[in-house]
Amino acid sequence: MKLQLAMDVLTLEDALELSGKVAEYVDIIELGTPLVKNAGLAAVTAIKAAHPDKIVFADLKTMDTGELEAGAAFEAGADLMTVLGVADDSTIAGAIKAGKDYGRGVVVDLIGVGDKAARAKEVTELGAEFVEFHAGLDEQAQDGYDLNTLLTAGKESGVPFSVAGGVELDTIKDVQSAGATVAVVGSGIYSHDDPAKAARELREAIS
Ligand SMILES: O=C(CO)[C@H](O)[C@H](O)COP(=O)(O)O
């Protein structure tokens, strides 16, 4: 299972500092949606230049104009970009077409999707690289949030999937046992006083 760092920071300066501390322990470096919105796709280019050996993931959460937005992300240097599972199939297909043109991959983010397992199968047939079973930061903050709901749905889907939803050191093994291809960790790394230590412990837990 790969480990993905999600950088939900706002500035390129902070992203370079965080990725500089953590990169050696992760496989995928994600520019979170707030970072891309605030700093622009130039930040994708800068992170790829700083970490050419890493898979750089641009979390655009595209909802429309899939081919156009995915093409822009790939042109900037992203290896993977996200389109939303709630988007129309034509938007997802457009992003996947851009992925084929550039030789890169599209990840479909299931945030806000009701039946995640069923949608995961549909978008995998459209050509998604993998599907992200995701509960966003706002959903995680609600009473009764349970990561296991994502793990159960991911297992049920039977397709390659990642999990994002407040994964931490004490839950990452459950993500691995559920059969995920990728564990995404944001606050479980960047909120720690020592992000490098947090990332190293996560890496050791799944090795
Ligand atoms: O995409 C995101 C929010 O929409 C986050 O990057 C994702 O949820 C991972 O962060 P965390 O581990 O803190 O949940």
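Residue numbers start at 1 and run along the sequence shown.
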query: Are the side chains of Val106 and Val123 in touch, meaning some heavy atoms are under 4.5 Å apart?
result: no
- prompt: Out of curiosity, Glu129 CD to Thr82 OG1, how far, rounded to the nearest 0.5 Å?
  reply: 13.5 Å
message: Is there a continuous path of hydrophobic side-chain contacts, each under 4.5 Å between heavy atoms, that joins Phe57 to Leu137?
response: no
- prompt: Is a donor on one side and an acceptor on the other found under 3.5 Å between the side chain of Thr65 and the backbone of Leu68?
  reply: no
- prompt: If every non-hydrogen atom of Met7 is compared with every non-hydrogen atom of Ala15, which pair is closest and at what distance?
  reply: SD-O, 3.4 Å
task: Would you mind reporting whether Lys116 and Leu150 have side-chain heavy atoms less than 4.5 Å apart?
output: yes
- request: Would you confirm whether Thr149, through its side chain, and Asp146, through its main-chain N or O, come within 3.5 Å as a donor-acceptor pair?
  value: yes
message: Within this structure, what is the CG-OH distance for the pair Leu5 and Tyr25, rounded to the nearest 0.5 Å?
response: 13.0 Å
query: Is a side-chain donor or acceptor of Gln176 paired with a backbone partner of Ile206 at a separation under 3.5 angstrom?
result: yes
- request: Kindly say whether Leu31 contributes a backbone atom to a donor-acceptor pair with the side chain of Asp59 at under 3.5 angstrom?
  value: no
Test item: Val22 and Glu24 side chains (from C-beta on) under 4.5 Å apart, heavy atoms: no
message: Regarding Arg119 and Asp89, does a basic nitrogen lie under 4.0 Å from an acidic carboxylate oxygen?
response: yes
field: Common cluster, Leu18/Val184, ILVMFWY with side-chain heavy-atom separation under 4.5 Å
entry: no
- prompt: Can we say Glu125 and Lys121 salt-bridge, meaning some charged N sits less than 4.0 Å from an Asp/Glu carboxylate O?
  reply: no
query: Looking only at heavy atoms, what is the nearest atom pair of His192 and Ala198, with distance?
result: CG-CB, 3.8 Å
message: For Glu139, give me all partners under side-chain hydrogen bond (donor to acceptor under 3.5 Å, both in side chains), at least two apart in sequence or on another chain.
response: none
- prompt: Checking side-chain contact (heavy atoms from CB on, under 4.5 Å) against Asp79, which of Val56, Ile29, Val44 comes through?
  reply: Val56
- prompt: Counting distance only, does the side-chain N/O of Gln4 pair as donor-acceptor with the main-chain N or O of Asp27 below 3.5 Å?
  reply: no
hydrophobic_cluster_shared for Ile28 and Ile172, side chain cutoff 4.5 Å: no
query: Is Tyr102 close to Glu75 at the side-chain level, that is, under 4.5 Å between some pair of heavy atoms?
result: yes
task: Check whether any side-chain heavy atom of Ile189 lies under 4.5 Å from a side-chain heavy atom of Leu202, and answer yes or no.
output: yes
message: Can you see whether Lys61 engages Thr33 through a side-chain donor-acceptor pair at a distance of less than 3.5 angstrom?
response: yes
hydrophobic_cluster_shared for Met81 and Leu126, side chain cutoff 4.5 Å: yes
- prompt: Would you say Thr171's side chain and Val167's backbone share a donor-acceptor pair under 3.5 angstrom?
  reply: no
query: Roughly how far, to the nearest 0.5 Å, is the CD1 atom of Ile92 from the CG atom of Leu84?
result: 8.0 Å
query: Can you check whether Arg200 reaches Arg203 side chain to side chain, under 4.5 Å on heavy atoms?
result: no
query: When Ile, Leu, Val, Met, Phe, Trp and Tyr are grouped by side-chain heavy atoms lying under 4.5 Å apart, directly or through other members, which residues fall in the same group as Leu10?
result: none
Worked check of side chain to side chain contact (heavy atoms under 4.5 Å, CB included) between Asp88 and Met63: CA-CA 8 Å; Asp88 192 80; Met63 184 61 187; over 6 Å; no
field: Check: Ser19 main-chain N/O paired with Lys54 side-chain donor or acceptor under 3.5 Å
entry: no
- request: Applying side chain to side chain contact (heavy atoms under 4.5 Å, CB included), run through Val83 and Leu60 and close with a yes or a no.
  value: CA-CA 7 Å; Val83 60; Leu60 266 62; over 6 Å; no
- prompt: Is there a side-chain contact between Val185 and Leu3, using heavy atoms and a 4.5 Å cut-off?
  reply: yes
message: Within this structure, what is the CG-CZ distance for the pair Leu80 and Phe130, rounded to the nearest 0.5 Å?
response: 5.5 Å
- request: Before giving the answer on side chain to side chain contact (heavy atoms under 4.5 Å, CB included), spell out for Val175 and Met1 the whole-Å C-alpha distance, their side-chain angles and the decisive distance to 0.1 Å.
  value: CA-CA 9 Å; Val175 176; Met1 184 176 72; 3.9 Å; yes
- prompt: Linking I/L/V/M/F/W/Y whenever their side-chain heavy atoms sit closer than 4.5 Å, directly or via other members, would Val113 and Leu151 fall into one cluster?
  reply: yes
message: If I take atom CZ from residue Phe133 and atom CG from residue Asp109, how far apart are they, to the nearest 0.5 angstrom?
response: 11.0 Å
field: Asp53 CG: over 12 foreign heavy atoms closer than 6.0 Å
entry: yes
May I have the list of side-chain donor-acceptor pairs in residues 152-162 shorter than 3.5 Å, sequence neighbours left out?
| residue | atom | partner | partner atom | Å |
| --- | --- | --- | --- | --- |
| Thr152 | OG1 | Asn148 | O | 2.9 |
| Ser157 | OG | Gly154 | O | 2.6 |
| Ser157 | OG | Val159 | N | 3.3 |

message: Between Thr91 (side chain only) and Ala87 (backbone N and O only), is there a donor and an acceptor less than 3.5 Å apart?
response: no
task: Report, as yes or no, whether the 6.0 Å neighbourhood of atom CD on Gln140 holds more than 12 heavy atoms from other residues, nucleotides or ligands.
output: yes
- line: To the nearest 0.5 Å, atom CG of Asp8 lies from atom OG of Ser187 at 8.0 Å
- request: Using atom types as modelled and distance alone, determine if a side-chain donor or acceptor of Tyr145 lies under 3.5 Å from a backbone N or O of Gly165.
  value: yes
- prompt: Considering only heavy atoms from C-beta outward, does the side chain of Leu110 approach that of His134 to under 4.5 Å?
  reply: no
task: Over all heavy atoms of both residues, which pair between Ala46 and Leu16 is shortest? Give the atoms and the distance, please.
output: O-CD2, 4.3 Å
query: Under 3.5 Å, is there a donor-acceptor pair between the side chain of Arg104 and the main chain of Ala78?
result: yes
